[in-house]
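Scope of the values below: all heavy atoms of this structure, side chains included, with no hydrogens, waters or symmetry mates. Proteins come first, then strands; the chains are lettered A, B, ... in the order of their sequence lines, and each starts at number 1. Please read all numbers here as calculations on a predicted model, not as lab measurements.
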2 protein chains.
Amino acid sequence: MARDASTSVNRRTDIISAAIEVFAETGYYRATTAQVAQRAHISQPYVFRFFSTKEALLLAALEVSWSRMIDSFQQVVKSASPERLEAELITEYEKIMENHRNEILLQMQSQTIQEEAIQEATRNGFREVRQIILQAFREARIPQAEERTMLFLARGMLCNVADAISLPELKEGQGDGRGLLSLMDFFMNSY
Amino acid sequence: MARDASTSVNRRTDIISAAIEVFAETGYYRATTAQVAQRAHISQPYVFRFFSTKEALLLAALEVSWSRMIDSFQQVVKSASPERLEAELITEYEKIMENHRNEILLQMQSQTIQEEAIQEATRNGFREVRQIILQAFREARIPQAEERTMLFLARGMLCNVADAISLPELKEGQGDGRGLLSLMDFFMNSY
DNA sequence: ATTATTAGATAGTGATCAATCACTTACTAA
DNA sequence: TTAGTAAGTGATTGATCACTATCTAATAAT
């Protein structure tokens, strides 16, 4: 059973990879299945041998994208020390943003698509990521694990936006090294 | 000079309001100018008397959306006391999300649209909002104003997502009342 | 050698959409 | 009364799209 470049399992992933690129660059609704096919070096109708509809292809692309993020975070959680956990999760996220920018752009698009199947996939992805982070923070004995998880996700969302619209100053104020300690002064004097 | 329902200035805003709804609900690229026209109670070709292209209509819709947010925040900044500034900005944002959800959904969409004119409008909107918040924090003598601004925007982005995909638990961990103080313990023991 | 199966392409369809055009109606000013 | 204009529409068009139906060439099993 020779696994050459033409097995249908390879073609399937070829198409998904092409779709991630084209959807991210062009926008899901404006992107055409012909563009996806061209990027995957096959004819346009052949896409429909593997995905019965364009939406099914989008769902497969989202699945790839969320799986990558979930698997990556799980790796980090397994190997990182409690003290370095959050820093390494952030580093891992930055790696994903660098190496798989299109997958992030696709996730962002899916957040505003109102089709129920897409929303459900997006919800499930977020839920699972949040659960992994939250559980890891708890097991690392990080206090206010819920709030820390929320802030981790929030900063992630802001990074996505800043990156997508090429506005790096949006991220300014991240990680100055002693932010929390000097904020403390403020809060102790305020309340 | 009686201001009846047929002045061209009214028609223009009618069309923009309709476009905000239709674009938000259906997605900009999938939405049709016929749908916008129907919602504005005019014929489809008449849309093009006011907006030369569909993209020009989107830009006008984004302008309305960003202006509302900017004007709202400027009002708050003018009237709020330094101690209540951030809390009132948050309240104002929640009001906008409640009363103008479609405008937020449109802004979210515009973040992933790669057309240069749209990206520029989105960048300018974000820049101006950030500048207002940052300057207000500084004038209120809030320490680490840059970091606080970034966190304000970041939480806003997460709220947008949580609302758009109907996943409220994503926001869990917001405002427990003493988050920073107990986080402090952790950091002082860690570093 | 023959047949069955897989991998893929060509050709096409009905539907849809942004944008244009030609036209009407109704009001206003000289 | 006439000339001009603002407001608005129905019909159309060229392009595009998701999706289908049908064919072909190669490979593999019998």
Side-chain angles (χ1 to χ4, degrees), chain A residues 1-62 106 109-110 113-115 117-118, chain B residues 1-62 106 109-110 113-115 117-118:
Chain A
M1 192 199 285
R3 286 271 133 180
D4 63 18
S6 292
T7 59
S8 73
V9 63
N10 283 346
R11 277 286 175 260
R12 194 170 192 280
T13 61
D14 285 352
I15 296 169
I16 293 174
S17 297
I20 288 170
E21 291 179 24
V22 173
F23 289 172
E25 289 168 13
T26 314
Y28 168 66
Y29 287 121
R30 197 178 37 154
T32 71
T33 56
Q35 288 173 298
V36 173
Q38 187 172 34
R39 188 89 49 127
H41 308 292
I42 57 165
S43 66
Q44 180 261 340
Y46 200 44
V47 171
F48 290 87
R49 283 259 181 275
F50 297 88
F51 304 94
S52 61
T53 64
K54 191 186 177 187
E55 185 179 295
L57 176 53
L58 172 59
L59 285 169
L62 285 173
L106 195 61
Q109 279 185 45
S110 74
I113 292 178
Q114 304 289 333
E115 317 266 298
I118 311 296
Chain B
M1 191 199 279
R3 286 270 134 184
D4 65 20
S6 292
T7 61
S8 72
V9 63
N10 284 345
R11 276 286 176 262
R12 194 168 192 280
T13 60
D14 285 351
I15 295 169
I16 293 173
S17 297
I20 289 171
E21 291 179 24
V22 173
F23 289 170
E25 289 168 13
T26 314
Y28 168 67
Y29 287 120
R30 196 179 36 154
T32 73
T33 56
Q35 288 174 298
V36 173
Q38 188 171 33
R39 188 90 48 129
H41 308 293
I42 56 167
S43 66
Q44 181 259 340
Y46 201 43
V47 171
F48 289 88
R49 286 255 182 267
F50 297 88
F51 304 94
S52 60
T53 63
K54 191 185 176 188
E55 185 181 293
L57 176 54
L58 172 59
L59 285 169
L62 284 173
L106 195 61
Q109 279 186 45
S110 74
I113 292 177
Q114 304 289 333
E115 315 267 299
I118 310 297

Undergrad: List the steps, then state whether side chain to side chain contact (heavy atoms under 4.5 Å, CB included) holds for Phe50(B) with Leu57(B).
TA: CA-CA 8 Å; Phe50(B) 297 88; Leu57(B) 176 54; over 6 Å; no
Undergrad: Using whole Å, what does the distance between atom P of nucleotide dA18(D) and atom CZ of Arg30(A) come to?
TA: 13 Å
Undergrad: Can you tell me if the side-chain N/O atoms of Arg11(A) get under 4.0 Å from OP1 or OP2 in dG8(C)?
TA: yes
Undergrad: Of all the choices, dT20(C), dA9(C), dA18(D), which nucleotide is nearest to the side chain of Gln44(A) once you look at every atom?
TA: dA18(D)
Undergrad: When all nucleic acid strands are considered with a 4.0 Å heavy-atom cut-off, which category describes Ala37(A): base, sugar-phosphate, or nothing?
TA: nothing
Undergrad: Between dC19(D) atom P and Leu57(A) atom CG, what is the distance in whole Å?
TA: 10 Å
Undergrad: Between dA9(C), dT20(C), dC19(D), which nucleotide has the shortest distance from any of its atoms to the side chain of Thr53(A)?
TA: dC19(D)
Undergrad: Report the C-alpha separation of Val22(A) and Thr32(A) in whole Å, then their side-chain angles, then the decisive distance to 0.1 Å, and conclude whether the side chain to side chain contact (heavy atoms under 4.5 Å, CB included) test is met.
TA: CA-CA 8 Å; Val22(A) 173; Thr32(A) 71; over 6 Å; no
Undergrad: Please report, rounded to the nearest Å, how far the P atom of dT16(D) is from the NZ atom of Lys54(A).
TA: 15 Å
Undergrad: Quickly work out the Phe48(B) CZ to dC17(C) P distance and round it to whole Å.
TA: 12 Å
Undergrad: Going from CD1 on Ile42(A) to CG on Asp14(A), what distance comes out if it is rounded to the nearest 0.5 angstrom?
TA: 8.0 Å
Undergrad: Please round to the nearest 0.5 Å and tell me the distance separating atom CD1 of Ile15(A) and atom OH of Tyr46(A).
TA: 7.5 Å
Undergrad: Are more than 12 heavy atoms, taken from residues, nucleotides or ligands other than Glu55(A), located less than 6.0 Å from that residue's CD atom?
TA: yes
Undergrad: Any residue in residues 15-25 of chain B with a heavy atom nearer than 4.0 angstrom to DNA chain D? Just list them by number, or reply none.
TA: none
Undergrad: By nearest heavy atom, map Arg49(B) and Ser52(B) onto DNA chain C; which one lands nearer the 5' end?
TA: Ser52(B)
Undergrad: Just call it for Thr32(B): base, sugar-phosphate, or nothing, with non-hydrogen atoms closer than 4.0 Å on any strand.
TA: sugar-phosphate
Undergrad: To the nearest Å, how far apart are Phe50(B) CZ and dA18(C) C1'?
TA: 18 Å
Undergrad: In whole angstroms, how far is the P atom of dA7(C) from the NE2 atom of His41(A)?
TA: 19 Å
Undergrad: For the side chain of Pro45(B), counting heavy atoms from C-beta on, which of dA18(D), dT10(C), dT20(C) is nearest?
TA: dT20(C)
Undergrad: Should the pair Lys54(B) and Tyr28(B) be classed as cation-pi, given the thresholds of under 6.0 Å to the six-membered ring centre and 45° from the axis?
TA: yes
Undergrad: How close or far is atom P of dC17(D) from atom OH of Tyr29(B), stated in whole angstroms?
TA: 13 Å
Undergrad: Please give, in whole Å, the distance from dA18(C) P to Gln38(B) CD?
TA: 13 Å
Undergrad: Using only atom types and a distance under 3.5 Å, with no angle test, would you say the side chain of Thr13(A) pairs donor to acceptor with the backbone of Asn10(A)?
TA: yes
Undergrad: Return no unless some side-chain N or O of Thr33(A) is found under 4.0 Å from OP1 or OP2 of dA18(D).
TA: yes
Undergrad: Looking at dG8(C), I'd like to know if its phosphate oxygens (OP1 or OP2) sit under 4.0 Å from a side-chain N or O belonging to Tyr46(A).
TA: yes
Undergrad: OG1 of Thr26(B) to CD1 of Ile113(A): how many Å apart, nearest 0.5 Å?
TA: 12.0 Å
Undergrad: Let me spell it out: for each of Gln35(A) and Ile42(B), pick the nucleotide of DNA chain D with the closest heavy atom. Which residue's pick is nearer the 5' end?
TA: Ile42(B)
